[in-house]
Enquirer: 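Okay, handing you the structure first.
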Amino acid sequence: MIDVETQSRYEKASKFKPFKIRNSHHHDHTIYTQQHTKTHLIHHFSLTHHSNMASSPSCSNYCYNGNKSLLASVIVSVIVVTITISSGGVAIAEGGRVPFACDPKNGLTKTFRFCWTHVPIHVRVQDLIGRLTLAEKIRLVVNNAIAVPRLGIQGYEWWSEALHGVSNVGPGTKFGGPFPGATSFPQVITTAASFNQSLWLEIGRVVSDEARAMYNGGAAGLTFWSPNVNIFRDPRWGRGQETPGEDPTLAAKYAASYVQGLQGNGAGDRLKVAACCKHYTAYDLDNWNGIDRFHFNAKVSKQDLADTYDVPFKACVLEGKVASVMCSYNQVNGKPTCADPELLRSTIRGQWGLNGYIVSDCDSVGLDLDCGPFLAIHTDAAIRQGLISENDLNLALANLITVQMRLGMFDGEPSAQQYGNLGPRDVCTPAHQELALEAARQGIVLLENKGNALPLSPTRVRTVAVIGPNSDVTVTMIGNYAGVACGYTSPLQGISRYVKTVHQEGCRDVACGGNQLFGAAEIASRRTDATILVMGLDQSIEAETRDRVGLLLPGLQQELVSRVARAARGPVVLVIMSGGPVDVSFAKNDPKITAILWAGYPGQAGGTAIADVIFGRTNPGGRLPMTWYPQSYLSKVPMTIMDMRPNPSTGYPGRTYRFYKGPVVYPFGHGLSYSRFSQTLVLAPKQVSVSFSTPLKAQTNSTWASSSIKVSHANCDALHMGFHVDVKNEGSMDGTHTLLIFSKPPIKGNNNWSEDKKLVSFHKVLVPAGSKQRVSVGVHVCKHLSVVDEFGVRRIPMGDHELHIGDLKHSISVQTQD
């Protein structure tokens, strides 16, 4: 279900007209397409498999696990292509997509067992593989898989993207004709700031509706290499914008929710689309100080791997039931992730039981394997020489074909299937666009509001100076891995719907290399009732392959803000558009700057959402999904150090709110509202006893006798506690409150295995003005009160644990059962 606020606005969507946007000359028009010319490296597969064909208990059809070492990574052909996509450049047949395979009009396919839908999928897969020649098999384990006409099978492009809307970054998706664009939701870091699982699920459902519609029209595939669930460890990372933030629990909840929305809840293991969680694992450096992701060896402790880096991926597989995992470019502890049997075979397939395929990120494998044309040409020879076996190739194919069959690609006519009725009318619908607007509203974070300067009143504030390099942007708002939006509303256009505006760029772009336009901006702020500065970053500053060098506003932006603030006649509102955190200490400490908002990259409707928050139509409820550090923090933390925990002997301060205790600009979870909320604990257990799952005498002293017991030795089924919290809105405006619950373990001696505190749960609740709502909070001892030791083993510390529930603190005594 989606929460009350989202539901109420979403249900009204049918009353909304499709977005019209206003340019700086105030002419109404709708933007559907842009022309993009990009050079892409087409990703190809590194599918790791094993010689034994054994089905994992957690997999319904094909999951291969074996006891042999990693035999092969089939990695073939990097192709550099230039793709030009424009409104008229894609020809799509009026009748939609022809069947991928098993066309009922083809009499020959009726005799193929792999086309018989009443036969179990694993039997169909075996039948198809048995009919393929070796040459055909080799060309089916690359992303641009060939057609096999003699078996009635079409070619297929595996690479499509749907990070926050259907994207044309991959060659599998093309906009044009009946599909000029798709709904472009806020960038993931912005949506994560909503802390709203039901919203993430609903966005996934809408994106997959549009993806299926485009597939039916021949404009997209069904395998989408999204989401990116890496931990936003370092604030300079150019791709942090694509992630749900720095916290493992938040990232895990986002990952599972979005994947579930994308893949649907089809019966019989069926998939709506196939999602892919990437990039496994410990990938969060692209290009820093001469070190790039292709050559970086991430040295990661077992402790950090288990309690930080792997957490979102585990949730993807176990909770989201994701159909694919993409391994990353980098090495982890000297081994390329795409060629590490411990990570791929033992963890993803073995411990977690992935029911799907593993794909490599292009150029990800080092050592004696590379993502190039060599293996595509010489795989046949490699098999004849015994370097890999044809059975390895069969196992790779089985995982791929199984996913395609779960998608219904071998079930004949697409229009006759579950999602076959979806088409152009189901893309960019008013309801979908309203959801994109609602997501932007929920993701905006009010960082500062001095003297309750916001919201502005349109009746008292008649004229507003709108200033800054991001004040009238469109494409900037959708971030990276985006497609072609249905339409845009820039910040200037959104604000212009409320009041008369005077627009000055101040800087020609975010680099802000000169002050020639500052004077006009100062004059505008002096002559208007209020000033709104929309500053920040864009993809020229932070992006894939582009890590930031600092946390300050680029170029002369800071000078522009300060000069305009000094000149301003009325209140000054600073809006930061960015993926990563920005050190805005100067603005925080400037009494002339009355309010600061972070909008992230708010998607196609970002301008409307920003204006709605500033003028009070929306009561902000977003919270920061990452710590905002001061610039001085960077001198102590090279991007290459992966350690999460501090090291006092070297002065290394640690990373993220869980371990770093130094000064911050704004902390993780920070976010203000126009209302004031208070919490009261109504039901709160004070103690819990942990019993052993096996007889006490079977345990070793090191397991339990001192200060903790292994989670694997605890009887976890009986360790769930319920809390009731009343949340009261003491303000005069309805609002949503994000209730964050943290746990803090006991402090006993040398406990370097523990965080200071960690997020264990969060709840989004709509509370009308003057009323209260009761929130039920579940805390599970094994999941929420456990920590990971230096060996990567999860343990439950004995003693007094402290829960932080909103502004409240509550102690729980955890002891072993006598």
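All values derive from a computational prediction rather than experimental measurement.
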Enquirer: Between Glu790 and Arg645, is the salt bridge (charged side-chain N to carboxylate O under 4.0 Å, His left out) condition met? List the steps.
Expert: CA-CA 11 Å; Glu790 60 266 36; Arg645 291 157 173 80; over 6 Å; no
Enquirer: Could you tell me the separation between the OG1 atom of Thr618 and the CD1 atom of Ile444, rounded to the nearest 0.5 Å?
Expert: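 Those atoms lie 7.5 Å apart.
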Enquirer: Please find the pair of heavy atoms, one from His784 and one from Lys758, that lie closest to each other, and give the distance.
Expert: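 That would be O-CE, 3.2 Å.
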Enquirer: How far apart are the closest heavy atoms of Asn230 and His279, and which atoms are they?
Expert: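 Heavy atoms only, the tightest pair is ND2-O, 2.8 Å.
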Enquirer: Treating Tyr309 as the side-chain partner and Pro312 as the backbone partner, does any N or O pair qualify as donor plus acceptor under 3.5 Å?
Expert: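 Not a single qualifying donor-acceptor pair exists.
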Enquirer: May I ask you to decide if the ring planes of Phe668 and Tyr657 are parallel, tilted or perpendicular, using 30° and 60° as cut-offs?
Expert: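 Because their plane-to-plane angle is under 30°, the rings of Phe668 and Tyr657 count as parallel.
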Enquirer: Does any part of the side chain of Phe762, heavy atoms only, come nearer than 4.5 Å to the side chain of Arg623, both counted from C-beta?
Expert: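 The answer is no; the side chains never approach within 4.5 Å.
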Enquirer: Checking salt bridge (charged side-chain N to carboxylate O under 4.0 Å, His left out) for the pair Lys253/Asp247: CA distance, chi angles, key distance, verdict?
Expert: CA-CA 10 Å; Lys253 296 293 186 184; Asp247 182 77; over 6 Å; no
Enquirer: Are Asn196 and Thr736 close enough that some pair of their side-chain heavy atoms sits under 4.5 Å apart?
Expert: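 The answer is no; the side chains never approach within 4.5 Å.
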Enquirer: Could Lys744 and Asp756 be called an ion pair, given the rule that one side-chain N must be under 4.0 Å from one carboxylate O?
Expert: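 Asp756 and Lys744: salt-bridged.
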Enquirer: Is the shortest distance from a Lys or Arg side-chain nitrogen in Asp307 or Arg658 to a carboxylate oxygen in the other one below 4.0 Å?
Expert: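 Between Arg658 and Asp307 there is a salt bridge, with a charged N closer than 4.0 Å to a carboxylate O.
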Enquirer: Any non-hydrogen side-chain atom of Lys636 less than 4.5 Å from a side-chain atom of Pro646?
Expert: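 They are not in side-chain contact.
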Enquirer: Answer whether the closest heavy-atom distance between the side chains of Pro746 and His801 falls below 4.5 Å.
Expert: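 Yes; the side chains approach each other to less than 4.5 Å.
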Enquirer: Can you confirm whether the side chains of Thr627 and Glu246 place a donor and an acceptor under 3.5 Å from each other?
Expert: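 Yes.
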Enquirer: Any idea which heavy atoms bring Leu318 and Trp352 closest together, and the distance?
Expert: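 Where Leu318 meets Trp352 most closely, the heavy atoms are CD2-O, 3.3 Å.
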Enquirer: Kindly compute the distance separating CD1 (Ile593) from NZ (Lys588), expressed to the nearest 0.5 Å.
Expert: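 Separation between the atoms: 13.0 Å.
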Enquirer: Would you call the rings of Tyr666 and His670 parallel, tilted or perpendicular, taking 30° and 60° as the class edges?
Expert: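 Judged by the thresholds at 30° and 60°, the geometry between Tyr666 and His670 is parallel.
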Enquirer: Looking at side-chain heavy atoms only, is the closest gap between Leu560 and Met535 below 4.5 Å?
Expert: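 When only atoms from C-beta onward are counted, Met535 and Leu560 do touch, with a gap below 4.5 Å.
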Enquirer: Can you see which heavy atom on Val781 is nearest to which on Met721, and at what distance?
Expert: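 Looking at all heavy atoms of both residues, the shortest contact is CG2-CE, 4.0 Å.
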Enquirer: Please report the interatomic distance CE(Met639) to CZ(Arg233), rounded to the nearest 0.5 Å.
Expert: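 It is 6.0 Å, given to the nearest 0.5 Å.
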Enquirer: Does some side-chain heavy atom of Asn333 sit less than 4.5 Å from a side-chain heavy atom of Asp340?
Expert: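 Not in contact.
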Enquirer: Find out whether Met642 and Lys299 are in side-chain contact, i.e. whether some heavy atom of one side chain is under 4.5 Å from a heavy atom of the other.
Expert: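 Not in contact.
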Enquirer: Are His737 and Gln773 close enough that a side-chain donor and a side-chain acceptor fall under 3.5 Å?
Expert: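 Side chains of His737 and Gln773: no pair found under 3.5 Å.
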Enquirer: Is any side-chain heavy atom of Glu242 less than 4.5 Å from a side-chain heavy atom of Trp237?
Expert: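 Of all side-chain heavy-atom pairs linking Trp237 with Glu242, none is under 4.5 Å.
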Enquirer: Is Asp583 reaching over with its side chain to a backbone N or O of Pro630, donor-acceptor style, under 3.5 angstrom?
Expert: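 Judged by distance alone, no pair lies under 3.5 Å.
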Enquirer: Can the ring centroids of Tyr258 and Phe185 be said to lie less than 6.0 angstrom from one another?
Expert: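 That pair fails the under 6.0 Å test.
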Enquirer: Taking atom types as modelled, is there a side-chain donor on Ser673 or Asn619 under 3.5 Å from an acceptor on the other?
Expert: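 Yes - a donor-acceptor pair under 3.5 Å links their side chains.
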Enquirer: Give me the atom names and distance for the closest heavy-atom approach of Ser689 to Leu719.
Expert: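 Closest heavy-atom pair between Ser689 and Leu719: O-CD2, 3.4 Å.
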Enquirer: Check Asp234 against Val637 and note the closest heavy-atom contact, atom names and distance.
Expert: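 Nearest heavy atoms, Asp234 then Val637: OD2-O, 4.1 Å.
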Enquirer: Does Asp590 come within less than 4.0 Å of Lys592, counting only side-chain N to carboxylate O?
Expert: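 Looking at Asp590 and Lys592, the cut-off is not met.
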Enquirer: Applying side chain to side chain contact (heavy atoms under 4.5 Å, CB included), name anything that partners Thr640, two or more places apart in sequence or on another chain.
Expert: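 Checked Thr640 against side chain to side chain contact (heavy atoms under 4.5 Å, CB included); matches are Leu285, Trp288, Ile291, Phe296, Pro638.
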Enquirer: Give me the one residue out of Ser708, Ser786, Ser712 that meets side-chain hydrogen bond (donor to acceptor under 3.5 Å, both in side chains) with Arg794.
Expert: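 Among the candidates, only Ser786 passes.
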